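In what follows, every chain begins at residue 1, and chains take the letters A, B, ... in the order their sequences are listed. Everything numeric in this text was worked out from a predicted model, so none of it was measured.
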2 protein chains.
Amino acid sequence: MDADRPHAAAPATPRYAPLYQQVREMLVARLAAGEWKPGEALPSELDLAARFNVAPGTLRKAIDALAAQNLVVRRQGKGTYVATHTEEHASSFRFLRIRSDTGATEYPGSRLVDVRRGRASADAARLLALKPGEAVLQLRRVLEFDGAPVVCDDITLPAALFKGLTRTRYEAYDGSMYGFFETEFGVRMLKAHERIKAVAADATAARLLRVAPGAPLLAVERVTTTFGDRPVELRRGLYATAHHHYSNDLG
Amino acid sequence: MDADRPHAAAPATPRYAPLYQQVREMLVARLAAGEWKPGEALPSELDLAARFNVAPGTLRKAIDALAAQNLVVRRQGKGTYVATHTEEHASSFRFLRIRSDTGATEYPGSRLVDVRRGRASADAARLLALKPGEAVLQLRRVLEFDGAPVVCDDITLPAALFKGLTRTRYEAYDGSMYGFFETEFGVRMLKAHERIKAVAADATAARLLRVAPGAPLLAVERVTTTFGDRPVELRRGLYATAHHHYSNDLG
DNA sequence: TATCAGTTATCTTATAGAGGACTTACGAAC
DNA sequence: GTTCGTAAGTCCTCTATAAGATAACTGATA
């Protein structure tokens, strides 16, 4: 009816969806498309508000939602930045839940044991939304706290997304694995779901983690997703919890 | 200087703290004091804004923070309600992370094995901020999925907060254990921190969970806190993960 | 009595604008 | 050359107002 109402950008939505959520989705789409790269600053809030033809408060609320999701980081007086795995050495604990029992916050060392090309098992294909037998990369790495091996991860990646990933290329990179994926392949790990069980160490795990065969280990299966909840990593980890634990906050 | 500026309620804060956070803290204090009981409705936003002498938008932002913390629940057109453990049978999964591997969302049955009075061990006293030897209650309960025991919990509570807790009284209550604590003793479980390890089943656990002695189990140590991060529950659980898993979301 | 429409109360979203706080850069003063 | 203050840009907070959405209540009507 009143098509030229002054300040309503898109009031003609048939089903009700708040304007700030529409703006949020437009921003997510641009982030996913790479319009602003990780670490870069977004345009100012006033600029974006003008661009989307909404009030500054509305745009601000949309960015609030993105910041709550850790998609962007606000810095007062400077600007709003695309979140990245490369800086935030502290915030990197977002995806690393293993801690020393003593409370020491040392950052573990990562040692790549093996990189192989292979085909997705039925299991892996289901969890990664691939066709069975599709090409994947298999990494095995060990995390060491203070020189002692604590975590052994088996990582499965869709080969199509990580063309050119080699052992030497990873070892040339200085930083976390998700930082490596982000800067070298443009794959952004955003969320993850983990399923945890207790298992007995088999011979291989016992050797890599230096525990007795049959010793109880934490088995962590992680499916990591990127924009649109698309799964892009399957990670099966075995954690030796003699002097470390998996830390989790509820509520 | 300009003391009679028109629209600034309390701009005279010496060190800078946003007004909406001050309002939030006042609201938390009233919630902690029990001015509004769990399940009850808060006064309307306009009422509260007038009471605290702030603009509706500011009060709204304070309540937004409370809702994000799960302290209150908003219901459009009805009002804002104090969160409770007694309803939300679905949201009760907030503190229950064990799931069936098949994805069935059945709610487990709880069987109280034992209730004892005792004295806090050095360990328990430290985690619960009690003096060693202070009076505590020790509960042991088993969670059963579909009739099969899966979780065995040893729960330590400060006796001072749970006067009159007996086995029969718990069994007379219909609902979750945290709902029981809330309605019968006024103790609200708000947050929890968990430390997870893998251990081998001892004789007692093996019997209760019907697994072989030495079988790997998840050992979950939970410290639950109420207002002001005061610890009020210590819970050591053993989870049999043959057909179940601990589910966790990151990011 | 039962049902339906209107009213009211409430949360929810959106707009506009003013001023505060933080960071950075630039230029003047020493 | 160093230091300091100012200015600009940006995010941050708060206020004020209005209208849409949802649910409960009220009262008239069949």
Side-chain angles (χ1 to χ4, degrees), chain A residues 1-27 36 40-68 71-83, chain B residues 1-27 36 40-68 71-83:
Chain A
M1 300 128 194
D2 50 349
D4 49 10
R5 200 148 56 83
H7 297 306
T13 38
R15 270 157 25 281
Y16 181 67
L19 185 50
Y20 79 92
Q21 280 191 17
Q22 300 176 35
V23 173
R24 179 193 151 279
E25 277 162 29
M26 288 191 276
L27 284 169
W36 309 292
E40 282 182 16
L42 270 60
S44 84
E45 296 186 348
L46 288 176
D47 275 10
L48 287 172
R51 186 180 311 191
F52 291 123
N53 198 29
V54 297
T58 304
L59 184 115
R60 185 163 174 74
K61 206 165 174 186
I63 291 192
D64 280 344
L66 298 186
L71 279 175
V72 301
V73 177
R74 318 185 89 131
R75 273 174 238 168
Q76 185 174 4
K78 296 190 68 177
T80 304
Y81 294 78
V82 183
Chain B
M1 300 127 192
D2 51 347
D4 49 8
R5 203 148 52 82
H7 299 304
T13 38
R15 271 159 21 283
Y16 181 66
L19 185 49
Y20 78 92
Q21 281 191 18
Q22 301 177 36
V23 173
R24 180 194 150 280
E25 277 162 29
M26 288 191 275
L27 285 169
W36 309 292
E40 283 182 14
L42 270 61
S44 84
E45 296 187 348
L46 288 175
D47 275 11
L48 288 171
R51 187 182 309 192
F52 291 124
N53 199 26
V54 297
T58 303
L59 184 115
R60 185 164 176 72
K61 206 165 173 186
I63 291 191
D64 280 344
L66 298 185
L71 280 175
V72 300
V73 177
R74 319 185 87 128
R75 274 175 239 166
Q76 184 173 6
K78 296 190 67 177
T80 303
Y81 294 78
V82 183

Please report the shortest heavy-atom distance between B/A41 and B/W36, naming the atom on each side. O-CD1, 4.4 Å
Closest approach of B/A49 and B/L59, non-hydrogen atoms and distance? N-CD1, 3.6 Å
Looking at [options], which one has an atom nearest to any side-chain atom of [X]?
X: A/S44; options: C/dT13, D/dC11, C/dT10; value: D/dC11
X: A/K78; options: C/dT23, C/dT13, D/dT13; value: C/dT23
X: B/R74; options: D/dT15, D/dC12, C/dC11; value: C/dC11
X: B/A55; options: D/dA16, D/dC12, D/dT13; value: D/dA16
X: A/Q76; options: C/dT15, C/dT10, D/dC12; value: D/dC12
X: B/V54; options: D/dC12, D/dT15, C/dC11; value: D/dT15

In whole angstroms, how far is the [atom2] atom of [N] from the [atom1] atom of [X]?
X: A/R75; N: C/dA21; atom1: CZ; atom2: C1'; value: 17 Å
X: B/K61; N: C/dT12; atom1: NZ; atom2: C1'; value: 16 Å
X: A/L59; N: C/dT15; atom1: CG; atom2: P; value: 10 Å
X: A/I63; N: D/dT13; atom1: CD1; atom2: P; value: 14 Å
X: B/D47; N: C/dT10; atom1: CG; atom2: P; value: 6 Å
X: B/D64; N: D/dT13; atom1: CG; atom2: C1'; value: 14 Å
X: B/L46; N: D/dT15; atom1: CG; atom2: P; value: 14 Å
X: B/L48; N: C/dA9; atom1: CG; atom2: C1'; value: 14 Å

Between A/D64 and A/R24 (salt bridge meaning N to carboxylate O under 4.0 Å), is one present in this structure? no
Under 4.0 angstrom, heavy atoms only, what part of the nucleic acid is A/E45 near: base, sugar-phosphate, or nothing? sugar-phosphate
What does B/R60 touch in the nucleic acid at a heavy-atom separation under 4.0 angstrom: a base, only the sugar-phosphate, or nothing? base
In a check of side-chain contact (heavy atoms from CB on, under 4.5 Å) between A/F52 and each of A/L27, A/T58, A/D47, which one passes? A/L27
Would one find a side-chain N or O of B/T58 under 4.0 angstrom from OP1 or OP2 of D/dT13? no
Side-chain contact test, heavy atoms from C-beta onward, threshold under 4.5 Å: evaluate it for A/L66 versus A/T80 and give yes or no. no
